Structure formats: C-alpha cells, structure tokens
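Since we're looking at a predicted model, the values are computed, not measured.
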Amino acid sequence: GSTGDKPAAGGSGSGGGLYTTIDGLKPGLDVNGPINPWNPKGNAFLGFNAMRIAWSKNHLTDPNQFYPGIAASWEIAPDNSSITLHLHPGNKWSDGKPVTAEDVKFSIALAYTQGSTAFAIDPGAAGAASEVEVVDEKTVKITQDMDNPSVTFVRGVMDSYIVPQHVWGSVLPADFWDKLKAARGEGAEAEKAREEITALSEKVLAFAPPKDVSAGPFTLERMNPSEALLVKNKNFYNAANVGPDQVKMLNYTGNEQIWNYLIAGKLDNAPFTAVPADVMKRITTTQGNGVVKGYSPVSLGMAFNQSKKPYDNVHVRRGLAYLINRDEVTKIASPEGGTPAVTTTGIHQKPAAEWLGADLAALEPYKLDVAKAEEEFKEAGLKKEGGKWTLPDGTPWKFTVNVPAPFSDWISGAKAVTSQLTAAGIDAEVVTTADYPLYLKELAEGKYDVGFWLIALGPAPYNIYQRLYGVSNGWSILGGKLKHAEPGKNGNWMGGPETIEVDGAKVNPGELTAKLNSASGDEQKKIIGQLAKAANQDLPVVQLWDYVNTQFVNTNRFTGFPENDSDLLRQPSGVWIQLGMVKKKQ
Amino acid sequence: MTMFARRLAGHLARGLVMVLVVTTVSFFVIRSVPGDPMAARYEKLVEQGMSPTAAQRAVEVLYGFAPTGSLWQQYVDYMSGLLRLDLGQSLMVPGVGVSTVLFSAAKWTVLPVLAGTLLSFLIGVVMGVYAAIRRSGRLGDVLAISGSLLHGVPQYVLALLLGAVFTTLIPILPTSGTADIMFEPGFNAGYIGSLIEYATLPVLTYALASYGGWILAMKSSVVTVLGDDFILAAELRGIKRGIVFRYVARNAILPLFTILALSLGMLFGGAIFIERIFNYPGLGLMLIDGINNRDYALMGGAFLLITVAIVVANIVADLFYSVIDPRVRSGEGAR
Amino acid sequence: MITGQNITKTFRQRGSVLAGREVKALRGVDFAIEKGGAVSFIGESGCGKTTLGRIIAGLESHDSGEITIDGVAMSSLKPRRRQPYFRRIQLIHQDPYSALNPTRTIHQTLNAPLALRARQTGRPSLWVDGRAEELLALVGLDPAYVLPRYPHQLSGGMRQRVVIARALTVDPEMLVADEAVSMIDVSLRLGILALLKDLRERLGVSVLFITHDVATARYIGDDGELYVIYRGQVVERGNVDTIISDPVHPYTQSLLSAIPVLHGLERPGEQPVVPTEALNESHHDAGCLFARRCPFRTERCESEQPLLGRGEGFPQEHACFHPERRSVVATPIGLG
Amino acid sequence: MTAPVIAAGGGRAALRRNFWRGVWRVLKRKPSRMVGMVIVLGFAFMGVFGPMFYPDPLPRDTAALYAPPSWEHPFGTDFEGTDVLALLVTGSRYVLLTALVTAVITVVVGAAIGLFAGFRRGRWDTVLMRITDMKLTIPGLPLLLVLSTIWKFTSALEMGLVLGLLGWGGVARAVRSQTLSLRERGFIEAARGLGLSTTHIIGRELLPSMAPFVAMNMLIAVTGAVYAQVGLFFLGVLPFEANNWGVMLNLAVFGGGAMSSPAALPYLMAPLLAILLLTLGIVLVVDAMDEIFNPRLREE
Amino acid sequence: MSVTPEKKAPGVRVSGLSVVYRTPAGELPAISGIDLELVSGTITGVVGESGSGKSTLALSLLNAVQSPGRISAGSVEIDGLGDVVRLRGEELRKARGRHIGYVFQAAQNSLNPLKTVGKQLLDLGRSHDVADLRGLVRDAKDLLGRMGMDGARVLDSHQHELSGGMRQRVGIMLALVLNAHLVVLDEPTTALDMITQATILRIVREVHQERGLTTLVITHDLGVVAEVADRLAVMYGGQVVEQGPTMEVLSAPRHPYTQGLLRAIPRLLGDIDEARALPGRPPTLGTIPAQGCVFRERCVLRMDVCETERPPVVVSGTSIVACHAVEAGAGAAAGDRPAAPAPVEVPEVVGAQSATGVHEGRGEQP
Ligand SMILES: Nc1ncnc2c1ncn2[C@@H]1O[C@H](COP(=O)(O)OP(=O)(O)OP(=O)(O)O)[C@@H](O)[C@H]1O
Ligand SMILES: Nc1ncnc2c1ncn2[C@@H]1O[C@H](COP(=O)(O)OP(=O)(O)OP(=O)(O)O)[C@@H](O)[C@H]1O
Ligand SMILES: [Mg+2]
Ligand SMILES: [Mg+2]
Ligand code: NI
C-alpha cells in the first residue's frame, strides 16, 4: 500500500480536525507507561492532558511571568513570600467533576513526594513552601519559608502538575500533611517522617490511573508503541477555543524520523531538532511547512578540564578561543539550530544583551586571529616546532575533545573544531563516548581533557551560571552553605581555581553565582555583569554556539502558530492550543 | 517414548544449567556497566528548565527503583526473584514490571522476524533446490553467489540500502512505527493493512538477510542427497520423478529444520540493527534504550529472554529432529 | 616376544546422558607372538579383530588383562614409559588412502619419523634421505618416482607399500596388518602379501595379520598360527594349514564353508557347515556364544561355556564340546 | 638404489613453486574467482597504501558541504566538505586492520580450543565444549553493546581482541568436529604410533589438512569482523577517533540525514558499496579455497 | 510360489558399447567397444579390477550412465524391449524396475532412510501403475520369506533397522517384485562378511532358478563369480578380454590377464609358491592406452603388434578371447597352468609411464 489509502493526517477529519505533533520531551511515550506526569515515560503530555498551575513565559530576565494554566490568575507578594492562586471558576475535569482548590493542594502533596524547588521536604532547602492553604473552593495560598528564600519559589509553585484527587486519592495516606509537618522539623521524629514520605515517592511515580482524567484540553484515547491519540476534553474551561478535535502524538527514537515526517508534511508542529542543511531545504519546500525561530535558553560550550595541563593555563584557553572559527563550526554542525556565539559570557546572547547592555560589546570577542593565538600560546610557554605546537617541556601536545556519540551535531562541531586546530598546527582529534550517561560519568570523573557541555541554561540567573561555577567546578550549596571541593572531588571536573583574577581583582565566581539565588533587581544585574566578565577573561569554556529554538509548523491544516521570537515557543504546542491560538484553517 | 522422555529430561537439565550460568554472567556484566544514568536524567531535566536542586531531587526519586545493597545481595535478590518469575522493575518506565515491558516489545520483534524468517525459508528452500539442480549451469552459479553475497552482507547494509531506496529516493513506505494510530487496533482491515505496511521494510530486510543462508544450506543439502546412493537406486527402480523429487526434498530439508528451529531461537536477539534503522519498537530497540538508560533489570531480562529462547530452540530442534528422523527416533544417532 | 593374557574390552556407547549401550568387543583373549613369527586373526565382521590389533599396537586401552612385551608387563609401566615398547609394534591400516596424509608428499611422510629416529639414535641428518630411499626400495618402489609425489598420485598397492615403508622407519619388531590387502586390487594383493613374508624372512619382523579372507593368511608363512575369533573370543587356534584343512570348531567350519568355490578349478568341500541363523550381537552370553547358530549344538552348549584348550587328539586348540573334523574347504581339482 | 637423491631444499622450493602454480590454475578455472581475488587484493592494497595517497589531514572545502558526486568527488563530500572517496580509502586501514586482528584472534583461539578439545577428547573436551555452548548461547550483539560501554575499544588491537574473544565459538566447534573426524583417519593414528610429537601431529599433519577450512573461516571472520565493527560504529556505541566506514555510516544517517534527503546519500552509499564489494570479493575467493588447499583438486 | 513367471527370461546383446566420461582432460572412455551376450536364463558374471568399467557397463544396461558420463556408441538389445540405449523418458523409466531389476553396488544405502521398506515398495508399485498394491505387498512378503526373512517385519522397518545382509536381500526383493526377468547385480556382496556373502549368493542362485531369470552379476571377486555364474566375462581397462562358460574359462584361461589373475588369487590349499602377483598396476581412466591392447603393459606375452592394434576377437566354441598372442598361437599352451617365472619383487612402477596422477574411484572413499 502507499500513503494514499490512509486517512490523511488532519484534512478531512471531522470538526476541528486532527493535529499531529511529536512529544519532544524524550524519553517519550511508552505503551506500558502509566498516565502519570511524574513518570518519565508516563503518557501525560505537557499542555495537552497534563496541566501545570501556570505556564512560564520564560522571560529573558524576569522568571515570574506566566500564562494561565489550572490557575486563571494569581497574586505574588512583592517580596515573593507568598502566592495566591485563583482557579478558573467553571473548570471541570474531563469526567465532569469540578477542579477544586483541594485538588491543587492534593497535587502539591504529591509534588512533595517527588521533590521540587518549592515543595522540598528537607528543612533548610532554599525557596521551599512553608504552608499550603485552601482559602476557598477555588483559591489556594502558598507561603514561602522566608528563612531561606529563593527567587525561583514562584516558578517552582507554578510548575507543579495538577491531578484529580478523586482519581489519585488512594496514593497518599490521610495524615499526609501531619507527616509533612513532622518532616519539616528536626530530630529523629522528623527523620522518620521524611523517610515515610520518600517511600511514598515510588508509589506516586508508579501510579497508573485506569483512564485519563484531565483538566487539560485533551485526554488520552489510545496508543500504540509509536503513536498516541488524544481527543478533545469537552469540559476544558477554554474548550470552545481549542482548535483541533484530535491530537496525534508521535514517538520518535531518532531525529531522522522527525525529518522524514516533516518532509512528508505530516506534522502540524515539531519541536526543536537538529536538522542538516539539505534536509532543511527539503522540509521547507514541502507545501505548508514553515519555520519559526525563537530564543532557546541554552548554549553549547567547549569546556576545559583545568586540572590537566596545559588547560590550566588561561593563555592556552584563550589561544584556543582565538583559533576557533565559531561561524564555520556552527555552519557545519548546527546550521539551523544555532547561531555562532558572539563571545564567551556564560549566557545565551539574547539575555546577555538584556542583562549586560553596552557592557557586552566591551568584552573580548575572540574573533579568529592566528597571530593573537600564537602570542597567547607563547605566553603560556608552548613552542612551535616543525609547524606543530608542543608543550613547554617539549612533549607533543595532543588536543583531544570528547563528545557523546548519540549527539550528531556535537560530533560534527567537535570534528570541525579539531579540523581547524589541526590546520593551525595542533594535533587534535575527536573521541566519542558510547552514550550520554557514560559521557557524563567520565566527564565528572575528570577523564577528559576537553568536552562539550551545555551552558547558559536559563532563564533563572543562578541556573545559568551554576553551569560554569557550580558543582562541576567545585561549588555546591549544602544546607544553605556554599562549599568548594578540590578538583577531582565531588564532581568537580572543571577544576578551576577558587578565586580568579578579573581585571586585576580577585573574584570568587562560585560565591557570586550562589548569591544569584536570592539576589534580585540591580544587585542581580551587577553580579551577572561580574560573572560575564569573569567567564570572558577566564574562559572555563569556549562558548561555541547559542541554540536557536527552531520549530516547524505546517499551515495547511491549522493556523495561529506563534510568531518568530514568541515566548510561547518555549512551551509545548499544547499550551498554544489551550490558550486558544491554534485554529483550524478555514 | 521413554527414549524421548529421557532425552527431554537430559536437555532440560542441561538447559537449566545453561540459563543459570548465562544469567549469572550477564548479571555481573550488566552491573559493571559504567555510566551515570542519574546524571544523564538530571541533565535532561535541567535542560528542560527544571532548577538544579529540583532536578536532583526528582532524579533521586526516579532511581528509588534501582536495586540496593551490595552486589552480592543484589544478585541473591535477583535470582530469588527469578525463581518467582519476577524479573524486577524497570527503571526506564518506573514502576512497570520488566516482564510487561519485555512482552510488549517482544511481539514487535517476534512477529516481523518470524514472518521474515518463514518467508525467506520458503523462498530460499525452493531456490536452493533449483540452485542444486542447476549447479553446473550459469544460473546455478548466479543463485549460489547471490546467496553467499546476501548471506555475507550484514543486515544493516541491506536495511540502509532498502531504507535509502524506499524512504529517500522513492518515499512510498513508512520508516518507523508499527501501525497508523488512526485505525482502531483489532481485527479490521485498516489496522491490519497498516500493520503490514509498517512492517514491510523490516520484514523485507530480515527476509533478504536470511534468504542467502537458506539457499546455501538447501543447495548443499540437496547436492549431498542427490549424491546419495538411494536416489540413484530409486531412479534405477523406475520410481516416478515426482516421487524421487519428494525423496530428495524430504531428506534434504530435514537438517534445515534444525537450523530453522535454531534461528527461530535467535530471532529474539536478532534484529537490533533493523529495528534501530527502521525505528521499529521491538526488543532490539528496547535493549538499546535499556542500555542508554542503564535499566539493569530490563537488560538482564532481555538477556534472559534471549538465552531462554535459544535454549528452548535447541531443545525443540533436537526433539523435533528425533521425532521426524527415524534414525534418531530409535536411538541410533544421526547419520 | 609379545604375549597377552585374558584381554577384555567393552565399549560403552553414550547415547544421551542417561541412556547407554555396551558392546563386549573382547572377552578374555590370550595370545602369544614369537619374534619373527606370524599370527593371523580371522573372524566375522565385528568379532573384535581390529580392536585386538589396536590394543596390541598400543592404540587402544583395554579393560583388563595384561600385555607383556619382551617380558615387561605393560600395566607396570606409566603410560609415558610404554610408548617406546609400543613403538616397536606398528599398525598397517586397512585403507591405504586414509593412512597417508593427503596434504604431504611421500618424502615428507617418511622424513618425519626418520628425522626423529636420527635424533634418537644420534645419526647425522643426511642419513634420513638415504634411509628413505633404502626403505622404499625394500618395499619394491622406485624412490625417485615415489618420493616427490602426493598419495593421490599413487595406486592403492603403491600406497600400501609406502605405508609399510613408513612403519619400517622405526625398525619395528612387529607389524600389525589389519586387513592390509582387502582394499588392494586382486591382481596386486599377492605382491603385498609376498612383501610381508619377505620382510619377515629378511628382517625378522613378526607379523600379526588380521583378515576375513582365510586364504591370505597362508601367504604370510606356512609356520603361521591362526586364531579364529568369534564375538570377542578365540574359538580355535593352531597352525594355519592344519586349521584350513582340518577345522574342528563348527564356527571355523562355517567360515571356511562360506568361501566361494572356484568351480572348474575346485571341488566344493564335502561337509559344508551353514549356521542356522545370522549373527546377532544381542544374543545372550550364557553358554557357548556360537550355540544359537550352531547346527550341532547340544544342551551342554546352551548352559556351559567351552574353554579354549587342546584335547581329543586334535593338533589345534579349540573351544567346543563336540569337536569334529569336517572337510569343508574346496579342494583344487588338480590335487584330487 | 641408484636413484638420484632429491635435495631436500630444492624439493621444498619446487613444492612451493608447484603450490603457487596450482593456486593459479585453480583461480583460472573460473573467472569469478579471479574477480574475487582482484577485489580482495584491491582492498588489501587500499588498506596498506591507500592513506599514503592523501594528505593528512584531508583537505576540507567548507564551501561544498555534501557536494553531489562529480569528477572531482566521485562520491561527493561529507558534512565538512571532505572528499568521501578519500575518507573511504583512508578509513579502510583502520577497518581492515581491526578486521585482520579480529580474524586472527578468532581463528587462532577458535582453532586452538577446537584442536585441543578434539585432540584430547575426554574431560577437556566436555568442559571446553560446554563453555563453547555457553558462549554461543549468550547473544553476541547485545553483549557487544553492553561490553562496549564497559571497555573502550580504543585501539584496533583491543577491538580485535574483544571481537575475537566473542567470535571464536563457532570456529572452535567446527574445528573440533573436523579434528575428531581427522583423528579417526589412519594417518594421524599412524603418526602417533610412530611416536611423533604432538606438536608435529598438530602442526604438520592436522593443521594442513584443515587449512582450507581454517583459511575459509579466517576470510569469513574478516568479513564478520568488518561487519561487527562497522556496525558498532554505525550504532555509535564505539568511541571513534579516526575516520572509518562505520563512522561514515553513522554520520551520514544520523547527522547528514541520508535516510531523509538525497544530499548525503553518496556519503552513505560509499561505505555501503565498499562493504558489498568486499563481501563479494571474499565470497568469490572462498569458493576457490577448498581447491587451493587440496593438492588433488589443485592439480587437476 | 505365488508368482508364476509368465514371461520368458530375455536375452541381452550388448554390441559395440562405449561409454565416455567428461574430465578436465577431455572425454575419456571408461568402456569401449564391448560386445557381450547374456544368454536367456543364465547367470553371467563379470569380473574386473577396480576401475575396469564394471559398474559403468551395468548402468549402461539400464541406459543410466550418470553424468558426466554418456553412452557414446553401441547398443543394448534386450528381448521384448529393443535397444535400451535408444529409450527415453517415460519409456525408459517404465523399463527400469519392471523389466530390468537392478541391485545396487552399495545396496547398504540403496534405501530411503526416512521411509519404511513397505512405503518404498508402495512407491515402486505406484510408479509402475500396479493396480493391485495389496498383491504387490503379498508378493514382496513371499519373496522376503523365500530369502529367509520375516516379510511383515521387514516391510515395517526403516533402513537403519536392518543389517547389511538384510538390506541386500531387500534390494533383491525390490528388483524382482515387479517380475523383472533381467536382473543386474552390481557387487552384491562387497562389504558383507563371508557367511552373509555365502547366504546372498545362495539366494541369488535359487531365485534365479525359481523365477527363470537372466542375471548379470558384477564383482571384482573371481570367487563370487565362480560360485554363481554360468558364464563369465573378464574385463580389463574398459574392455572384455575373455568370456565363456565359467568352468571353461577358469580351468583353461586363454587370455594372459585371466591367467595372471587366476594365478594371483590366494588359494586355500595347494602350493603357495605357485601364486604370483601380476606386475604393474591396473590402468585408470587417464592411463588406459588409447590404441593397441589395454593389457600390454603388464603382459608377459606382449608383442610389437600389441602396441598399435586392438586385439582381434578369437572365438572358439562358446568362449571368446581378445588377444594377439592367442590369435598367433602363442597362447596354444595356455590351456595348461602357466608357470612363467616372475620375480618375487616387482617394482610397481617402471619409469614414468604412469606419471599422471589420476585419482582412483576407490581411493576417494573415506
Ligand atoms: N570405538 C568404538 N566404540 C564403540 N564400539 C566399538 C568401537 N570400536 C569397535 N566397536 C565395536 O566393537 C566390536 C568389535 O569391533 P572390531 O572393529 O574390532 O571388529 P572387526 O572384527 O575388526 O570387524 P571388521 O571385520 O568389520 O573390521 C564391534 O561390535 C564394534 O561395533
Ligand atoms: N562420474 C565419473 N566421472 C569420471 N570418471 C568416472 C566416473 N565414474 C566412473 N568413472 C571412471 O570410469 C572408470 C570405470 O568406472 P566404474 O565405476 O565402472 O568401475 P568399476 O569397475 O565399477 O570399479 P569398482 O570396482 O571400483 O566399482 C573408472 O576409471 C572411473 O574412474
Ligand atoms: Mg576391522
Ligand atoms: Mg563399481
Ligand atoms: Ni550462517
């Protein structure tokens, strides 16, 4: 048979038609998985049948902006000390029962068993809630424990999944809240209570409701190993504005599948995927296909293990930065999914411009410059013999960069980097590692000289810089206290010094980073400026490219997709739909 | 019949020991797989925007399903679980039993591979006879060489070639999945048609890859039998050609049944490349996933399943042989 | 001098772990072979001739009994120490093709043991080539022709001669020729037999000749002894010619009666003996083993086992309760 | 007695000459064998000398990423603009070297175990064959997948070692049964009767008789090793540093989208065709193996 | 006997029969120009050494020479069938089994190992359109009983459940059960032991007489022929060198090969020193002289003419000899036992006359 005798995706479907997309949050759907948002292979699709209290706008600098989810509106206390949620007045679960404040409270109880920033059981955790209060049928107030506040508290609350208590009720014991109270205290009693709650976590994770009951725009109808079918939830509060009647959620194991679907014009939307240039060309020539690009809060860095020679020498790192042509690397490795980093700041270029303003331009851009590189290398004591660089003691310098084998864009990028370095007289090669877990383990054990490392994981400033000056570089926060571990210990594989010199002044970047947890406003901005400068001069990583959130949409069947640079590109398309954007094409 | 029972008992005893040893070996090999699945999951969560502390906590919860205790203790737990036919809990799909995961993946491996094997067996056997009869002619040569070539070429080469042709150059076949979700699963023409359509490429690859082996085996078997005296004797008695042909065919195909049974045993572990290339959600793909997620219980379960299948196939092959071959049936030993 | 006392051998065939089958190949055989003597074993297929020959040549173990070579009991030696003794006894295989390595030339085949011999006896390595030619000439082959060839380039008779030459490389005291001529073309058989006889006479090598063709046994030498073996037991033993002309055991008589008569040249024997049934290995072991097939059996035969011994005025030893001379073999017409 | 003495040395040289003449005859008998031989020799040449024809590192042309086939680039270029043919040729050394190492280890270990078990028989045989059974029961590819995360097969030698250690089972079993049947042949028994050493018997009598068999297994092991290795690289489970065919496949499919767009198709096809051609060559040569090592068939 | 012979035993006349095998060295004759008559109702024995073309001759009688061989000349006239060489397809198939019974050289393996004897018997019946299969089974049981076996049991047995002698008898039964009156037995007793051999030979003789057959027995063992055959043909190098009534040929051999052969057979009684091996070695396909006498290289009576001319056929009475020496009268004394002295040790090879190594059928068997 050919594709012709199958019902075309969407098209002639009744009502609002069929919307086809892919679950971008791997590990994806699994026929055996429970319909449970906490389960990593659970068949709860964010924004489609799995609902959060609200959806973050992922604003460049302000983490506290949201789109409504289960909550219709909210008030945040100015000092972030509490948040009051107001639920949609007439909202009902797909089985007809109303969505109540009790459901929210119960779901928060579940969140405690799973751990989250806002709902942590260990005392002293930063940004944890101290109280959850049902104000009335449709109102809940959550208060932060101000002993150790965090700017991420609100975001932590909003990110919670909300599930129906009448379905999940059996999972938690009746005295859960008492236990929780006990757990947040101190002493043996508390310890025991914490254990009990932890023990519940497995039960929660494994809980499999017999059928999907959702307050989202869709409910799960049926699935096979590669696809799931969702149908519209008539009880959803905004059901009238939900475009598609059905959603087909495809599973994928390799990017090449997404490419093929896209080329065939089968997908109404596909989340960000690395795409080779020619495939891109074919995709864009398919009728109706379009590409929407936006900010993706993540960058790729080439990180050094500073406990290894010669990478302990900042001049070597700078020299290497001068030798790498980031434009070319990006063109080869991620032509569609990335833009060459303007320089190394530790932040994605977009928020960097926002946070740093004019200071950004003052940072060293590390443009390709062989002369400068040689200067730096000479400063570091390296010698060039017969066209090849050697270490100060005359031994050959072998530059080895490690990347995990499944990440093809990283491999291409690393190959491009080594090719450039080889051309400049450095004996460079790429070594791959079988898979990501192994890569991370060996990286953490300090086995690699140089490795690829995701940085700038925004939007929260602490999250951004903890990639450079966090656990992987020795700094960890334990019980609210900052500690620094020796290189090679406690996951410190970057092995940078505890204090570095920035413009002649000594700075402890880890300390600065930790402060970002609670700092706000101008203070935050100042710290980020300092850290950006530190990263730019010290170069714990060479920032290669900033990811671009490249999404594919097809306007043959639906319209109303977010525009370029929309905040919503960082939310799953289920959120677009529930917000009433996506409409069937007339 | 006692002969048969004795044989069976012996086989079962040996098979059990085999399974035990293989399970033990694979247990320790699997547990020594390095790599930090927690770190990988953590990275993923952080990448998705979760705060580092929350991600850390979430990962700890997820890995609450991993067995604890010393390696030795884990081994004892695992083996005693096996006695109760409990293969443990999957880490990848937390809270779901390994046997459930295995079972749902196994059917997507077994059905296409079975179809491929039987298809290639039938065609291969027929062509093998032909190649044997025409062995001195050009056609026989071509058949034999193409058989060797197909037998020799690795599965992934065939899969990639077929994939390149049918999905890149002439995109007429789906490359991934099991069926179109729009069809209600069950016995309806649409669903079954879609199943067949989606399985075409994997089955075709598997059939092509094993076809070469069958043609070679059948050819050499037929050539051997044709050289046997009893065939000439039958001809000299004026036995009809059809009957002589049946003599040849039955005697020649007999050893192939053993190979067939054995290869059916192998099918559980046999399709990793095909499943990876066509993204067909069978055991192979599941195993790769299991390894990538360091799902020890799942890996162990897969190894066990494959081993048991091979052992059972061996037993079945032998017993089957002893049933259909009168020489073995009466305990004289195969020729 | 090589002797054996009460040699027994049972083969256990392993069917599966639990099932098994036993074959009693030898049931207490005594033998003695003089230096330079000739002994022939005859008997039906499967009676244990080859097994006995291989045991004597040290290629097979036996279950009980004792083999003595030059007065040394083999059981008193460690297996490693037995080797030099057994090397003096060389086996000539029935199939001259499989007895030669098809991938090695005759030159290579002969050189290996000769080089070993040279090393053991401290001879120069040049001796090896000369000796190879000498041996080939001794067995009646043209060294220049044979040496560079592969076995498949030689005829059966030539191969068998090469096999004999190879056995002679270690200066054996005894050759065990197991059906050494049965696969050789009729017109060439006598040549090999004559060669064996000649080697006996010239080199003093004793010959153990295993055959199912009684007539050939005569050609090893008229002083030869004949052992008639039935189901792992010697049933008659004595001078070759005596037994051929005057056999007393009914089994020997059946064997001899079965020899085809050259009508026109020979007259059939007057009292042929035909066994009453075919050989069946699974027949019970009590009494005389031949009883079931013996046309002259008495009740005693069914229950009691006759032992090999001389008696009742026959020159040969026999194991029968009712021995009787019968004229069973065909007589040449010319001899009347 | 007066026959001319054949000088041992001269005889041996003559034998060797005869052998090669026989090989030539066997090859000539069927044109397909010639083709096979040419292919196999071609690959050997490519592995040994191929990399010498190209500069190291290979030139890149970033203006022509995934260029289509042309006279200049018969198989186009890769993601970096490097000539695919050059990659294929330079990559062959690693692949073929590993394959050779693997094949040698497979055959040496397999043959040694098979010979030992078959020659010793008895308890050793039982134990070794049980182990072999076990080895054959443990699924190979899945085990390799797991092992490749435990060990890092960084050098060709290590890689060959692991593949070889996983692959000897079949060879061992086959060699054993060959040994068992040859053991029963008169000439082995005769050699033992003559008091020749076990080394002589195994090295000079048994092995030459099994030469075609062993050689055939060796060739098949070479292809098997190429496949296993290329396959593992293709799946991406092996760490790579130099370019090789498997990496090309991996990058073509997962990085270049060869299964989705025709641009990277030549990049994918090049290693595929190389593997097909190598297989064909070996299949054709294996066909002649039996006759080459059998003096009788050789000389006919 | 339930089977009463209604047909008369056919006579067979083989004339000018030649068979060639295709080898790398070209087409070589395995038998050439054989003339032989099987007189109706007699047992004819053919003896010859390995490779002399006996089996080839036997197969030619059924026009069943296997590729790469083919009958290149001559005819085989069988009474009631005509020239078998000319028969094709179904005609030929129907003739086999029904008119000509063939007992295989390796009768040990002439049965399908997967089927019981009875089933194979039914296959045979169906192949020859026997309407009364029950009757066929009855006949088979009778025949088997006649040969001293339990028919019912044998028909229920598989090949491996029967001993060598029993299989050979089953082979004979299958050759006769369709009432064939010409039976060809190729080495019926090779690989059997002596006592069984004697039994089989007795059965052959008895069955031959009872059923009124024309029988051809092929063997390399002169004793076997002498035991059963009325007439005897001696083959050498693909030719019949002497034939005649058994008694006559054995007591007064005229061809030097027959003489030599007789002298080379070990005998049970008599002077062992009289026996002599034949010098030289038997020819094989590649070494059979293309012209002249095939035996000349081993012949004591060799003359110049033997090199170039094929020996003429000398007929005297019922016996025929092909020899130049006999024709020239040199063989006049051949009636006596020749006592030509021969050296005890004859080197097998003289010079390089047989330098081409050609494998022999026999040696190939493992
Ligand atoms: N290796 C063995 N394993 C099991 N049984 C054996 C073995 N060798 C011999 N036998 C059995 O021992 C008995 C005697 O065998 P042997 O070969 O000695 O007989 P033979 O007299 O030489 O027979 P033939 O005349 O056929 O050569 C036979 O029943 C045979 O089946
Ligand atoms: N298929 C064949 N291909 C080539 N030559 C053959 C073939 N079959 C037989 N020959 C040759 O033909 C000649 C006669 O063979 P045939 O089998 O008739 O001999 P035979 O007298 O029956 O010998 P044996 O006693 O060994 O059975 C031999 O030289 C043999 O090598
Ligand atoms: Mg024997
Ligand atoms: Mg024959
Ligand atoms: Ni195979």
Which region of N292(B), side chain (C-beta onward) or backbone (N, CA, C, O), has a non-hydrogen atom less than 4.5 Å from a non-hydrogen atom of chain D, or is it both or neither?
neither
Under a 3.5 Å distance rule, please check whether W245(D) uses its side chain to pair with a backbone N or O of L88(D) as donor and acceptor.
yes
Do T258(B) side-chain atoms and A317(B) backbone N/O form a donor-acceptor pair below 3.5 Å?
no
Interchain contact, L276(D) with chain B, by part (heavy-atom threshold 4.5 Å):
both
With only heavy atoms counted, which part of I288(B) is less than 4.5 Å from chain D, the side chain, the backbone, both or neither?
side chain
Which answer fits L149(B), side chain, backbone, both or neither, if we ask what part of it has an atom under 4.5 Å from a heavy atom of chain D?
both
Does a donor on one side chain sit under 3.5 Å from an acceptor on the other, for T23(B) and Y78(B)?
no
Any residue of residues 221-229 of chain D which, by heavy atoms, sits under 4.5 Å from chain B
V226(D), Y227(D)
Taking a cut-off of under 4.5 angstrom between non-hydrogen atoms, the residues of residues 279-286 of chain D near chain B are T279(D), L280(D), V283(D), L284(D)
In terms of heavy-atom proximity below 4.5 Å to chain B, should L143(D) be classed as side chain, backbone, both, or neither?
both
Are side-chain N/O atoms of T205(B) and Q155(B) paired as donor and acceptor at under 3.5 Å?
no
Quick check on the interface: out of L147(D), L145(D), L235(D), who has the most heavy-atom pairs with chain B under 4.5 Å?
L235(D)
